[in-house]
Amino acid sequence: MPSMKTLPILQDHGQPQRLSGKPGQRSLWQSIQELEGRSSGRAGEFAAGAAEVPPELSRRSFLQILGASAALAGLGACQPPREKIVPYVKDPKEDRPGKRFHYATALALDGYATGLVLAASDGRPVKVEGNPLHPTNQGASSAWDQAALLDLYDPQRAKGIWRRGQPLSWRGFLAEVQKLARAHDADGGAKLAFLVAPDASPLLAELRRRLSTRFPRARFLAWAPATADHAAEGARIAFGRPVDMHLRLDPARVLLSLDADFLAGHGESLRLTREFARHREPGAEMNRLYVAEAAMTVTGAAADHRLRMRPSEVAGFARAVAAHLGALPGAEALEDPARDRAARVVAADLARNRGRSVVTAGERQPAAVHALAHAMNAALGNVGTTVVYTKPVLGDATPTAAALAELAKAIQAGQVDTLVVTAWNPVYAAPAGLDLGALLAKVPNAIYHSLRDDETSRRCSWRVAASHPFESWGDARARDGSVSLVQPVIAPLYESVNAADLFAAFLEQGDKGAFQHLRDYWQARSGLQGQAFQARWEGWLTRGLVPGTAEPADGPALNAAAVAAAARSPAPKGEGLELALAPSYGVFDGRFATNAWLQELPDPITKVTWDNPAYLSEATARRLGLADGQVATLTLQGRSVQAPVAVMPGHADDCVTLALGYGRSDGSATSKGVGVDAYELRTAPDAWFAVGLGVAPGKGKHKFAVTQGHLSMEGRPLALDFDAQEWAHGHGGHELEAQRGPVPSAQPPVDYSKEDYKWGMSVDLSRCTGCNACVVACQEENNIPVVGAEQVAKGRNMAWLRIDRYFAGPAADPQTVGQPVMCQHCETAPCEYVCPVNATVHSPEGLNEMVYNRCVGTRYCSNNCPYKVRRFNFLDWRGEVPAVQTMLFNPDVTVRSRGVMEKCTYCVQRIERARIDARVAGKKIEFVQSACQQACPAEAIVFGNLNDKASKVARLQEDARRYDLLHDLGTRPRTTYLARIRNPNPDLA
Amino acid sequence: MSAGRTLLGKYPDVDSLFGAARKLRGDGAGRLNFYSPFPLEGAEEVLGLRKSPIPFIAGAAGFTGVVSAVLMQWWMNDVAYPINVGNRMAVPTPTWVPIMFELGVLLAGVSIFMGLMALFRFPQPYSPLSEVEAFRSATVDALWLSVNVPAADVERTSDELRRLGAVDVQLVPEVA
Amino acid sequence: MSALFSPRWNFLSRLSLVVVAAGAVGTLVALWGYWRTPYGERLQEEVVQPVMFDHRHHVVDDLVDCRYCHFNVERGASAGIPSTEMCLNCHSQIWNKSPKLEKVRESYFIGTPIEWVRVHQVPAFAYFNHSIHVAKGIGCVTCHGRVDKMPAVTKVASLTMSWCLECHRNPAPNLRPADQITSMAWEPPSDPAARAALAAELMKKNDVQSRVSCTTCHR
Amino acid sequence: MTPPAASAVHRDPLAETPLILGHPSDLQVNDALLKPILDPNRGWKVLAGLAAAGTGLLVLGITVTLARGIGMWGNNQPVGWGYGIINFVWWIGIGHAGTLISAILLLFQQKWRTSINRFAEAMTIFAVMQAGLFPLIHTGRPWLAIYWLFPYPNTMGIWPNFKSPLIWDVFAVSTYFTISLLFWFIGLIPDLAALRDSATSRVQRMAYGVFALGWRGSARHWHHYKIAYLILAALSTPLVLSVHSIVSFDFAVSQLPGWHTTIFPPYFVAGAVLSGFAMVLTLMIPTRKAFRFENLVTERHLENMAKVMLVTSMIVSYGYLLENFMAWYGGSAYEAHLFFKTRLTGPYAPIYFMMIAFNVLVPQTFWWKRARTSLTWLFIASILVNVGMWAERFVIIVVSLHRDFLPSSWGMFFPTWVDWSIYIGTISFFSLLFLLFLRFVPSVAISEVKELNHEMRHGQAGTGGHA
């Protein structure tokens, strides 16, 4: 477990730093960086760069090229210029050149926090890791958590404070806000409004409380695009009051998900994935998952039975199941016999597992379905075992869909003079038909606090740049209520303000600093003084957790009658197809659209990057005469968008799924012209799905940038899976025998048993959900560049670790397997012997080493690699890198130049760091994790020393499910796979 | 050919050329030589030339090439910096063969050329013979015979040459 | 009419051939040699530093241990370059008026770092780590030479890859006792037997496992 | 000189056509062969201009590649090699006929070679020059590849990997080029001397005089010369075989379906000879017409070449056949999929069938004498075969790579404008060199023709050896 020190070197800079004004600050990170120099600042042969879209390569600048080639001619003997060494002026006491520090902090998404550990080197965070002590993620982290680092160093971030185009200093801003506040004192803030992002931060709650005491009549509205209040409403129906529902999947054996994608994107998905995955190994403990959904989700892909239906049909299905469970009076048969049978079987299976089953409803489903889920869980006696209720964590900042409408009404009525917006980009994400932009322009003082200048900043008279969470002090709560302190790991890179300081400004305490506010609040809350508190405080910071803050379970009483009543509400009727909206796995609701890592992150199911196709089923596409990639006009209630369609295997018929968050017009180079804006079809009442969609085939074909063009395994034994039953009867066993064990060879194998370490990896396909966390973690750890849609389409995606997705069975309703593939580190590596310059060779410990600086780029190794895991720098992917982005680089990994081959190294830099630390201390390596393993919430990837028989990886390589990919080639891979086991219900076969 | 002079005789056909040469050799005349646009079958025998050393040179060089190829590959990959490339077998390996062959051929070929240059004393753009304008035909379509004679015998030998069928006789001038 | 070529041509043509051949071979040999000369390796090259810092004086006269200023050498990859603050630990007391130290005081009070010129520079793609070398018994002198005899530090070892490999393949002769790491004067026992014995002992004691696999240095 | 009507040639079908028509004297031969050099015709300038322009494309393509990177080509994952290596193999192959004609036919005492060997050797050298470009420019960092591929004494203490076929290539290609050059030049010396002595302008005489190195046709020189030339021929013959075998190892030694094939070495060599002879025909037919060499490069020469093409095409066809048989017989699912699915029905199937049509079917027409003797058809057929051989390399490289083991990483290859300009550029550069050769160097081995002519007049060589 990483060593966690207490306060970072920035402790004494609680309040936002304006670096420009503080040389001390600047010399802090800059000079260390140069002193240690391994950052790209010292790239030498290897050009510096950062992950951003490469400059578009046109033929126009031919003179440039000539110049360049002339320069090439000049290459040769001449000596390089001498570097400068720039030491500190004053030593920061904690920091040492090149040392890795780990700071516990937290990152909240729509109010729910994940506990993180930031690895900082030379005063700058270089890696995001999950906090092993944190209950909701237990050391894992999501793709979004990982990618937050890129946002931190993004040169496109908003900078400074602006009022009507005029820059304001922090002090000037405070003065102005003071004037405003005093003006509003007169009428108790009747014309003062706050549109806040959902958050559970006790500090912010406290500040809001103090604000509402100063301005009793001020409006506080919480809003976020991707959250509707269906769940809360459902709870209100079932229990008469809002409660949070928490799943405990460890004891659960049968799971029914009603359009709930709880394994991804959900506030607790990291914990749920871990608990779910733990019980995917064959045996009595193995769980079974039923998923009812339209578009295939990560959860649906992991299901044993995926019941595809339109979102509007889920309610009916839920009613049927509930009726069979006796949770709802008056069973009605579903018109579709197959589905009716499914409902019976599922109900029976659930009933067989009373107290050990779970029914969960998706955020996108109407309140009634949530209420039904509550009723079913109650009927199944799951409450207390697999289902736990607590008070809502979000409290006063619970987002409501009505918030914007209410705000709009107020503005119309001229009741808002000052509006403070900390919610993300309402102008872009507001429901169709609500022209918030025009309204905001009417507000005399609309103060928009955001990380980036976007559609909303353009309409607001004030723009206040927000500090990145990694730059700010604060606190946050996980979905289970546990509080984490948020501590900065670097001083703000740009002049920016933290939310707490913004609110405090209206209390005329803006100059006190978030750090002081936070400390005071928690001191008051702890009731401790001086040293006693200091010790406690440092303990919290160290562990990144305030103990005993998790919400206690509470037992609300179910109102069955109300549920029954609500359940009777008719399903939406209408002509034409159905439109289903969903947050994107990459850009979420659009707030990550400027993050190149997430834009280029392949969709877990369809492997599309840089795009949001309109997904539909093959049958529907055929019926509508649409070809894959053809542009179609989607019309709903008179509004329409042009979107290219794509066939998604297993998608429900007569339904089109479109991801939110694309088609941005925020002027960012990254998100410009990527995808279509689904918000234009999104209305307040039908936030997630609506009936009556018209689809008209249009002209023009669109080429999607997919990282995997072929979705069939062609009957080859690649990603193997078996049914639990046949597995139990030993079938599959001998099938696997053919995929492992020694292969006869003329070459006597090298003996690695004498070495201290024999590195190896094991990937469990049964556990893997394909959530992509490992992919981004790898990208971050290894300085992997982004290439842009055009190059991805050309087949030049650079990801060292990819997740292959294969479909089998009927295209309408296929089964699917995801398979993470990275360098297999073959002991008889085919790539090695063909390299003419010995640039890829074998280490005594069995690593397949790739020596970038020796590589001349013949690409022969890639041709001869049967796994095609090697990646070539076809162009200079990075171009000129802004200084700030050079801080993003992991200083332990070379930044590769154009013309060089690269690939997964088993995070050799981590191995070597661990080795040196251990050997200096005269010990053996005790702990080393690969980046993908560390991020994986499902514990599907295990890396370690095969010569240590006690190690987990060594045990897993002996597992009955173990097999080698392309075993018959005799490559003797060090990465081995564990076959996936499905647990279908025989009654439903 | 310190005091000697060189006489050139042009002959219409190979038979008369060879005949003349045999006769002159019988009479123990000085160094004889032919000049022709194409190799003359049997000239060696007529002039009594020794076997050419070229085959030996080529053989020796070729052998050196093969041996150095073995040494190079063995030393560089298995002594200087032994590396495990994809578990492929160490010494001796069949992978040496291609380079052994190529290096052998390369050295043999180059040495043949060098050998010729040395034997011919090339480059040699100038030769006293090129003082004789008529001699230009030697590379075009004429057969010439050259013989070295003491200055005194020039007259006698040129008559001799004519008698043996020379259609033209030239005296190579003294070089200033 | 005279001949096409005059007799001189024979000599000239042969000469020109010789010149061309010699030129080609000569260039290659010159290039080969260049990288092996002190010039090519940038040895003993005068490097002008912003402050005329004299190791000789600090090491010999003041007996300052290397680790006082190069504080990180036992703990990290970089040996650590002293901060201005560290200079002033002493120089706020002594020589605190010296014009030679003007730059140092300026740096301290204005807060602008001193920009030293790097003398020992390995390429960006070679990851050298001081701590492990020191821990296994490689002394400062081995790579940096008799700094105590240098008015201004110059490079004494080529720092080429083959130079590194030489020691990594046979580290024993370069090992020294832990207490002699920073010693400038220490010499191994002159008697070959004793020297071999010491080397063997240190190899064992420090558990030296010098490696030559690529990722040892290139990642 | 006025040749008798060609009809005279075919009087007796059983009697073979003589290799030189019209019993010319040595002087006539000499003048006829040197005419193109001593008084050239105007058409040459036009062609040379075109070729030079095309060569500009090559410069452009290479510059763009060096400045921006291989990304300017169509290559990607999984198709790591594209036009670069296709062209490399294609050009090397074309080179082979040259050495073969001059060396092997010499060893077998095939008199008919004399009229075409010089021509073919020149073609070899120029083709190898084109081929040699690609292994360098197709690398990601040519500025390092250019010397790291050679075992030079370095300060890094690391050496090339001699287990890699690419290193074998480096040695094979450079050896091949050197030997071909020497072979060609040594053969050229007597003719340069002839030029020196036949030319009228002093400048020309001196220019050729310098390169003639002082050759005067001395019998003592001929004595060494003959044996040297023979040994070089003896060396070149296995060299030709080795070079294309080694080129084929680039593929055969790997383990990719479609590459990992034991039949490759012989089948590559045969293919090389096929394409080589095709190229000789493509070049010879127009040249012969333009330079009025009909009496020295007779229809019989062309016919013999057609016969060789027929034979080699049969060998190549056998190679195709056996490849497929092995794919079926070997029982590897991956290989079977490539041969029986990807090649036949995949996106690149048309190119595969083009290869079959041009390399297997077109040469079959040479069973008929009419096809062998019709200049037009010979010319068209030879071009088709060249295209077909290029297609073969495309099928081997791109088609095998674009769909290999893991369907997840299957991809497509589309050439870019840079790919095309480099390819067309090399063709132009080749033509340019060739035109220069025709213009300044005797394109037929004069001394050998004279020898043959001499023999014929003395009834020794009669109608020459049998083709």
Side-chain angles (χ1 to χ4, degrees), chain A residues 23-24 26-27 30-31 34-38 40-46 77 79-80 82-92 96-99 756 838-845 847 849-854 891-895 905 908-909 911-913 915-917 919-922, chain C residues 31 34-35 39-40 42 45 47 49-50 69 71-72 74-88 107-119 121-127 129-136 161 206-209 211-219:
Chain A
R26 189 167 64 255
S27 68
Q30 281 192 348
S31 61
E34 288 156 29
L35 167 65
E36 187 38 29
R38 273 270 159 52
S40 62
R42 182 169 171 265
E45 169 184 4
F46 289 97
Q79 295 279 19
R82 288 191 180 274
E83 281 173 7
K84 290 277 190 291
I85 309 178
V86 188
Y88 292 107
V89 173
K90 302 183 178 59
D91 289 305
R96 288 208 332 259
K99 169 134 177 60
D756 287 348
N838 271 329
T840 183
V841 301
H842 236 65
S843 89
E845 294 169 356
L847 292 183
E849 301 174 313
M850 180 69 224
V851 191
Y852 310 122
N853 43 301
R854 177 68 176 172
D892 293 346
V893 178
T894 310
V895 175
T905 62
V908 66
Q909 68 278 8
I911 298 176
E912 293 305 323
R913 180 178 280 275
R915 184 197 310 276
I916 288 174
D917 292 349
R919 305 239 323 120
V920 167
Chain C
L31 276 173
Y34 171 79
W35 294 111
Y39 177 70
R42 307 189 91 176
E45 188 175 303
V47 181
Q49 298 289 3
C69 301
F71 55 96
N72 201 43
E74 290 170 317
R75 300 181 297 177
S78 155
I81 300 294
S83 63
T84 317
E85 197 180 20
M86 197 176 279
C87 306
L88 289 185
S107 153
Y108 185 78
F109 291 113
I110 300 181
T112 52
I114 304 172
E115 297 203 341
W116 300 96
V117 181
R118 191 184 282 277
V119 175
Q121 183 171 333
V122 294
F125 48 76
Y127 285 76
N129 183 301
H130 276 93
S131 62
I132 186 68
H133 288 84
V134 171
K136 296 302 166 190
M161 179 167 158
N206 299 350
D207 176 30
V208 177
Q209 306 173 5
R211 300 156 65 234
V212 294
S213 61
C214 308
T215 44
T216 310
C217 308
H218 307 301
R219 297 157 207 164

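If you're wondering where the values come from, they're calculated on a predicted model, not measured in any experiment. Sequence lines set the chain letters: A, B, ... in the order given, protein chains first and strands last, and positions in each chain run from 1.
- Within the 4.5 angstrom heavy-atom criterion, only side-chain atoms of C:Arg211, from C-beta onward, approach chain A.
- Minimum interatomic distance between C:Tyr127 and A:Val893 (heavy atoms only, all atoms of both residues): OH-C, 3.1 Å.
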With side chain to side chain contact (heavy atoms under 4.5 Å, CB included) as the criterion, how do A:Asp756 and C:Gln209 come out once you've worked through the C-alpha distance, each side chain's angles and the decisive distance to 0.1 Å? CA-CA 11 Å; A:Asp756 287 348; C:Gln209 306 173 5; 4.3 Å; yes
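- Here C:Ser107 contributes atom OG and A:Lys90 contributes atom NZ; the two are 8.0 Å apart, rounded to the nearest 0.5 Å.
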Walk me through it: do A:Arg854 and C:His218 pass the test side chain to side chain contact (heavy atoms under 4.5 Å, CB included)? CA-CA 10 Å; A:Arg854 177 68 176 172; C:His218 307 301; over 6 Å; no
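- Interface residue C:Ile114: only backbone heavy atoms are found under 4.5 Å from chain A.
- Using a distance-only test at 3.5 Å, with no hydrogens or angles considered, a donor-acceptor pair links the side chain of A:Arg82 to the main chain of C:Arg118.
- Between the side chain of A:Gln909 and the backbone N or O of C:Arg219, no donor-acceptor pair lies under 3.5 Å.
- Proximity to chain C involves both the backbone and the side chain of A:Val920, based on heavy atoms less than 4.5 angstrom apart.
- Note on A:Thr905, A:Asp917, A:Val908, A:Asp91: by heavy-atom pairs under 4.5 Å with chain C, the leading option is A:Asp91.
- Proximity to chain A (any heavy atom under 4.5 Å) is shown, for C:Val212, by neither the backbone nor the side chain.
- Between the side chain of C:Lys136 and the backbone N or O of A:Arg919, at least one donor-acceptor pair lies under 3.5 Å.
- Ranked by heavy-atom pairs under 4.5 Å with chain C, the first of A:Glu849, A:His842, A:Glu845 is A:Glu849.
- Across every non-hydrogen atom of C:Ser131 and A:Ile916, the tightest pair is OG-CG2, 3.8 Å.
- Put simply, the side chain of C:Cys214 reaches to within 4.5 Å of the side chain of A:Val841, judged on heavy atoms.
- At a 4.5 Å heavy-atom cutoff, A:Arg913 makes no contact with chain C through either its backbone or its side chain.
- Annotation for A:Pro87 and C:Pro82: closest pair CB-O, 3.5 Å, computed over non-hydrogen atoms.
- The two residues A:Glu912 and C:Thr215 come nearest to each other via the heavy atoms CG-O, 3.7 Å.
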